[in-house]
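Residue numbering restarts at 1 for every chain, and letters A, B, ... go by the order of the sequence lines.
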Amino acid sequence: MPELAVDVTNLRRDFGKFTAVNNITFQVNRGEIFGFLGPNGAGKSTTIRMLCGLLKPSSGSGTVAGFDIMKESEKIKSRIGYMSQKFSLYQTLTVEENLNFYAGVYLMDSNLHAEKKRTYFAETVLGQLRDSLVADLPAGTRQLLALFCAIQHEPEIIFLDEPTAGVDPLSRRYFWEQINKLSDHGVTIFVTTHYLDEAEECNRIGMIFNGTLSAIGEPDELKRTRFTGRIYKFDSRDPWESADHLRGRADIDDVVLFGSELHVTLKPNANFDKITAAISAVDPTAQNITAIDPTLEDLFIALINEGQR
Amino acid sequence: MNANRIWAIARKETLQILRDHRSLILAFLLPITLIFLFGYAITLDIRQIPAVVVDYSNSTHSRELIRKFTNSGYFVEIERTADQDRATELVDRSKAKVAIVIPVDFANQLTTGTAEIQLLTDGSDANTTQSVVGYASLIIAEYNSASIARQSGGRLSLSPVTLETRFWFNPDLDSQNFLVPGLISLIMTILGSLLISLTIAREWERGTMELLISTPIKPLELAVGKVIPYYIIGIVDLFLAAYVGIVIFEVPFHGSLWLLFLFSSLFLMAVLANGYLISVVAKSQQLAFQLSMLTSFLPGFLLSGFLFPISSMPVPIQIVSYVIPGRYFIEVLRSLFLKGSGLELLYLQGVALLFFAVVFSLLATRKFRKTIQ
């Protein structure tokens, strides 16, 4: 087994004049949970589709599970599991019929499949719904079924394209338990997400904007190395008002609101004392001005702004 | 090729058909409707033509002639009137297809030489008019020879040579015998191309194809698995239609059931492969529907010899008809039903059908791409 689950160089995909993915290069190690982050339309799904052999790259090279993505896509397909962003199970089939169908297509051993189904039905709400038509299931339950259809045949690498979109917090917890369990067993997980708390659970993440990979690494490492400014937070009774005042200043990079909390990112050369004075001056209700470590969300927003400049 | 994978696809496809009312209606109600529609409503024979009689002569001779018309079975007297305007009105309003007008001096004319009667028909219905004139000529010829024979005391006959025509294989020229076998071909064309042309397109439209092509399934396994349930529907419909034709419409069946099964299987393979090809190319159900109507149903209806004889088409169209599988299948069906021909007379058609099945299948599996776009 090769050390790298995914290893691509200068991967590119054009749709006419539009470049969806622009020469990205990255590696994913065996057994790690790799999170792929980016706003809508950044190129996440296009990248996943190219890695799964569903979309031919316009140029570039690389391997998935050790097989050439340009020439050996059918070999790749027998070693991966894929959960697409758009729900794509059969709505007029029942829960169990969908599981059976994909088990058949992947030529699963029938004993193993029976065992998998027993586990899934015992552990989740799908147990009571095994004979329900998929069309009648709520969104979160459908995603759960789609996950099982993608992982039941025990693939080496699992590609999950926004698996938890529309899933309630409790089920999301269950999703991530499953993902961690698979990772413990040496399965590689490649997951795209909008949720930054989910990104924190990943071993490594890549951030993609406008088709370009702008950061890649462990979440903590990225927050340390890629975030150039210092960040302070304070509480305010009138956060909108003070944000408006502070945004215009030359020594402030950005102001972001989190409820009644404001995160102020300073320019690298800014003077902290001047800023605190300024904050108190524009907003008498400001309290608890403290330096904080940037969150992934701060980094995410900073990188988007960087990309737009 | 892996049988388990094919089985998984076939089972899934069957479940989907069983839960989709539209498919079920199309698969089983449509053939029955078509066969009853063609069997009962559409008949190419014209009988019981409504006629209005204007008998100004009102003599034994005129009454005898009218009796000849009505006893023939071709004409039904719907009204007798002494007013020619009334007769014209009935024809104008299409209540009657023909007015038979016998002049006042009909009996006199008969004894002195040549008598004339008048037929008024509705020329806007060219088919019926042609039949009316044809039947009327026959009846009058018969009346003439009978009256000459009577007047000469049996010594003279108007027609010393009589033509006795015998129609082989369909002695009564019953149009159901001609239509029902062709109809079987039409039903299988509609079902085969229409139903299956939607299946792949539907998977693209609903997004299920994206997941399916991320699996290691091979294009040929997918094609075979998808075709199996439709092949079974086609064969069920074949025997259903044949049963209705034979039992209810009393169409004779002189051939072998095994040959019927064999040739139908070949034809179905050609039609299904054609439908599958459309499905692979189209990617939307709307387009697939239009394409399958255009490429299989219309030619199958118009150019296959189902209603219109190929031999009376212009030469270029006759040449086109050679690439329509229905042409060969209809020949086979008519031979099997009406003549009871064996394989020694039908093998060429068999080769043609096999050729189409193989070519369409190869094209369809080669066209299918396991990638998006």
Crowding at [atom1], [X] (>12 non-hydrogen neighbours, <6.0 Å):
{"X": "B:Phe239", "atom1": "CZ", "value": "yes"}
{"X": "B:Phe289", "atom1": "CZ", "value": "no"}
{"X": "A:Trp176", "atom1": "CH2", "value": "yes"}
{"X": "B:Gln286", "atom1": "CD", "value": "no"}
{"X": "A:Lys116", "atom1": "NZ", "value": "yes"}

Interface moiety of [X] toward chain A, non-hydrogen atoms closer than 4.5 Å:
{"X": "B:Asn2", "result": "side chain"}
{"X": "B:Glu203", "result": "side chain"}
{"X": "B:Arg206", "result": "backbone"}
{"X": "B:Leu222", "result": "neither"}
{"X": "B:Ile9", "result": "both"}

Checklist entry - Hey, what do you get for OG1 (B:Thr371) to CG (A:Leu55), rounding to the nearest 0.5 Å? => result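 So the OG1 of B:Thr371 and the CG of A:Leu55 are separated by 7.5 Å.
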Item to check | Value rounded to 0.5 Å, distance of CG in B:Leu211 from CZ in A:Phe87 | outcome: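 Reported value, rounded in 0.5 Å steps: 9.0 Å.
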Checklist entry - Would you say the side chain of B:Ile213 lies within less than 4.5 Å of the side chain of A:Leu54, judging by non-hydrogen atoms? => result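 Result yes, sub-4.5 Å side-chain heavy-atom pair found.
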Checklist entry - So do the side chains of B:Lys12 and A:Val105 get within less than 4.5 Å of each other, counting heavy atoms only? => result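 In short, these two side chains do not touch, never coming nearer than 4.5 Å.
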Next on the checklist: Quick one about A:Tyr90 and B:Glu13 (side-chain donor to acceptor, distance below 3.5 Å, no hydrogens or angles considered), yes or no?
Outcome noted: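 A:Tyr90 and B:Glu13 do not have a side-chain donor-acceptor pair below 3.5 Å.
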State, to 0.1 Å, how close [X] and [Y] come at their nearest heavy-atom pair, and which atoms those are.
{"X": "B:Arg19", "Y": "A:Leu133", "answer": "NH1-CD2, 3.9 Å"}
{"X": "A:Leu107", "Y": "B:Arg5", "answer": "CD1-NH2, 3.3 Å"}
{"X": "B:Leu212", "Y": "A:Tyr102", "answer": "N-OH, 3.9 Å"}
{"X": "A:Phe101", "Y": "B:Ala8", "answer": "CD1-O, 3.5 Å"}
{"X": "B:Ser214", "Y": "A:Tyr106", "answer": "O-OH, 3.9 Å"}

Next on the checklist: Counting heavy-atom pairs under 4.5 Å with chain B, which one of A:Ser88, A:Ser78, A:Ser84 comes out on top?
Outcome noted: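 That would be A:Ser88.
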Next on the checklist: Counting heavy-atom pairs closer than 4.5 Å to chain B, which one of A:His153, A:Met83, A:Glu97 comes out on top?
Outcome noted: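 It is A:Glu97.
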Checklist entry - How about residues 35-53 of chain A versus chain B: which residues have heavy atoms under 4.5 Å apart? => result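 Heavy-atom contacts from residues 35-53 of chain A to chain B are A:Arg49, A:Gly53.
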Item to check | Contact class of A:Ser73 relative to chain B, heavy atoms under 4.5 angstrom | outcome: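 For A:Ser73, there is no contact with chain B at all, as no heavy atom is under 4.5 Å.
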Item to check | Proximal component of A:Asn100, with respect to chain B [non-hydrogen, under 4.5 Å] | outcome: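 A:Asn100 touches chain B through backbone and side-chain heavy atoms alike.
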